[in-house]
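Sequence lines set the chain letters: A, B, ... in the order given, protein chains first and strands last, and positions in each chain run from 1. This structure is a prediction, so every number in the text was calculated from the model and none was measured.
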2 protein chains.
Amino acid sequence: MAKRPTIKELAAEAGVSVGTASRVINKHPNVGEAVLRKVNEAIERLGFTPDSAAQSMRGGTTRSIGIIIRDITVPALASFTRAAQDTLEEAGYVLIVLCSTDSKERELELLDVLRKRRVDGLIMATSSERDPDVLAACERLELPILLLDREYPKDWDAVLVDHEAGMEEAMDHLLSLGHCRIGLVTGQPTVRPSRARTEGYRRKLEEAGIAYDPALVRTGGFDLNSAFFEASALLSLQDRPTALIAGGINMLGGAIRAIRAARLSVPGDISLIGSADTELAMFSTPPTNVISHDAAEQGRLSAQLILNRLAGRSGPDPHRLTLSSQYVMRGSCAPPAKSG
Amino acid sequence: MAKRPTIKELAAEAGVSVGTASRVINKHPNVGEAVLRKVNEAIERLGFTPDSAAQSMRGGTTRSIGIIIRDITVPALASFTRAAQDTLEEAGYVLIVLCSTDSKERELELLDVLRKRRVDGLIMATSSERDPDVLAACERLELPILLLDREYPKDWDAVLVDHEAGMEEAMDHLLSLGHCRIGLVTGQPTVRPSRARTEGYRRKLEEAGIAYDPALVRTGGFDLNSAFFEASALLSLQDRPTALIAGGINMLGGAIRAIRAARLSVPGDISLIGSADTELAMFSTPPTNVISHDAAEQGRLSAQLILNRLAGRSGPDPHRLTLSSQYVMRGSCAPPAKSG
DNA sequence: TTGTACGCGTTATCAG
DNA sequence: CTGATAACGCGTACAA
């Protein structure tokens, strides 16, 4: 549609050879003063920009990296992506964002899209760490992979979050308030965050000498609807929990909806804790306590790690970073109501 | 890093010429039964995928389209992007998402990134329709542009939202409730949505025979902080408004924060209306009335329009679609408190 | 310091 | 129906 000037035209315009033009473009040291100026002027005049497809072909690198996440619509993932995007862009890379909706089939399709595009690297938060097909597809890519809060039986870089610590703080708080029946809604144990949260939950219960009641822990999808469904199940128990932890970055809304549907009030009837510091948590009434981590920082670090890897600046062994998680106290937790 | 098989290797593996291999890959009709099978088997064996950089160079098209938005972190924009992404991916395209933070300089930089990448099309929601530099930079791209809720003095396709209608419904409601002093916080008039909302606001005021009070309308950035700042200013007026409309898709949080800071309650002290149907609006207490539109549909349509344009299926004149906006009633509006 | 020429992986054209 | 070959735009080794 729009024919952009090629390096050949640029060379002609500047009265030099294509080789020289190329050297100027790539800032080679050995270029004559006068020639440099001539070519730069021509670049300006023509509005020349090297064709990155041709550069890719020549250099064997696309300067693009792919990311597969559940859903860009989830605030924490958007923050992550935004930060990664910005960091990568500074380094001349571009991010290709793909959403899997937590579906294995979709993940495989998207991996194939990225394969065709010859991305230089991949940031991935798979829906299941235990799926051999996805694992195989990732390996087949043969490129630097950065795992987003996931653990694989592979030597891949990763940026993890210490969900356990935040969960333990939250549990300490609830227990100190006198809660004994604490409900937990989280995702499948096939992903690290679910396991870490459950782990922290169990440990604190044990420490407090409270028996673990499997009926109080419900796992499902990480989405709003699952959260609503599982939380509702918990709330309709005859001996319902006096506190509820939404153990997923996008589950708070579902939990609130369930609480509302059950005509319960926070924190009077039930204490509530979310797992990401969203607008909803900040501006809900009462403001909701959350176990949160810095998603933007996570994005920056992820980008940095993969850039390092691509630049060959990382050694042979995997780089694993762990971000801390904090328990943020607001107004959604109180001592349990005295049971009648 | 990872050397993928080329079409030449594929041809060798299958015992045919590269031309034939190419024909099989691209599903040309004239290929012999046996050869077809041989090549397909070889593709399978080698895990061959055509290099899209090479395809781009050959075909002059990258099958990628760029999108410049304010911030992917804004829920409505994330929904939009997600839907556009999915639609484009189905058609074999990829979306390159770039965030401008509403900065003109950043927009120019990002336009240049897309220029280098030779994207085939652009979806854009610029921070100002009146900036000649941005306009010029867009034109210089010489490619199909789809405007996202923006108006330019150019023949570009666009998907617009009828913000006016939703605003009028909202105003009707507030006026019928008896509100006379209605505050409006929105963005700069350099973008269409701000103008449309203000327009609807003024018209309804006029219809109701209420004088337009400029002190009640504050414009600034579309971000949370601006919303907080402007809303706070409104709330600290000696004769403060009895209702507040947050006229931007990401302003509700700021408005709520301002209301909270002023120790006012919704809807007792002040009625509140937002401009996008977010989790915050749905799960706030009380649930917030909003003027909303279907951002996902907007994304789908945008993708479709630009795909049509790229396929040459659109005529010479611009295609402009307008989505309706709806006023959603929940619990955040009530009659004004009787002033003491 | 500068110019020439080749090859990167594809697709399309043209013979056969 | 199939094979050979040119061309896309660029970077670089090599020659001058």
Note: [X]-[Y] ion pair, threshold 4.0 Å (strictly below):
| X | Y | value |
| --- | --- | --- |
| Arg37(A) | Glu41(A) | yes |
| Asp71(A) | Arg82(B) | yes |
| Lys104(B) | Asp133(B) | yes |

Problem - Any donor-acceptor N or O pair under 3.5 Å, side chains Thr87(A), Gln304(A) - result: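 There is no such pair (donor and acceptor under 3.5 Å, judged by atom type) between the side chains of Thr87(A) and Gln304(A).
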Practice task
Check every strand shown and say whether Ser22(A) touches a base, only sugar-phosphate, or nothing at a heavy-atom separation below 4.0 Å.
Solution key: base
Practice task
Looking at every strand, decide which applies to Thr61(A) at a 4.0 Å heavy-atom threshold: base, sugar-phosphate, or nothing.
Solution key: nothing
Problem - chain A contact limits on DNA chain D, taken 5' to 3' with a cut-off of 4.0 angstrom to heavy atoms - result: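 Endpoints of the contacted stretch of DNA chain D: dG9(D) to dA13(D).
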Practice task
Determine the minimum heavy-atom distance between Val97(A) and Gln85(B), stating which atoms define it.
Solution key: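 Nearest pair, atom of Val97(A) first, then Gln85(B): O-NE2, 2.6 Å.
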Practice task
Return the set of residues passing side chain to side chain contact (heavy atoms under 4.5 Å, CB included) with Glu297(A) (not counting sequence neighbours), or none when no residue passes.
Solution key: Asp294(A), Arg300(A), Leu301(A), Leu323(A)
Exercise for the section: May I have the step-by-step check of side-chain hydrogen bond (donor to acceptor under 3.5 Å, both in side chains) for Thr20(A) and Ser17(A), ending in yes or no? Expected result: CA-CA 5 Å; Thr20(A) 304; Ser17(A) 73; 3.2 Å; yes
Practice task
To the nearest Å, give me how far apart CZ (Arg4(B)) and C1' (dT10(C)) are.
Solution key: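 It works out to 17 Å between those atoms.
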Problem - Spacing between Asn26(B) atom CG and dT10(C) atom C1', to the nearest angstrom - result: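 Asn26(B) atom CG is separated from dT10(C) atom C1' by 9 Å.
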N/O contacts under 3.5 Å, protein versus nucleotides 2-6 of chain C?
residue, atom, partner, partner atom, Å
dT2(C), OP2, Gly32(A), N, 2.5
dG3(C), OP2, Ser17(A), N, 3.1
dG3(C), OP2, Ser17(A), OG, 3.1
dG3(C), OP2, Thr20(A), OG1, 2.5
dG3(C), N7, Arg23(A), NH2, 2.7
dG3(C), O6, Arg23(A), NH1, 3.2

Exercise for the section: Answer yes or no: is there a donor N or O on one side and an acceptor on the other, between the side chain of Thr62(A) and the main chain of Arg118(A), under 3.5 Å? Expected result: yes
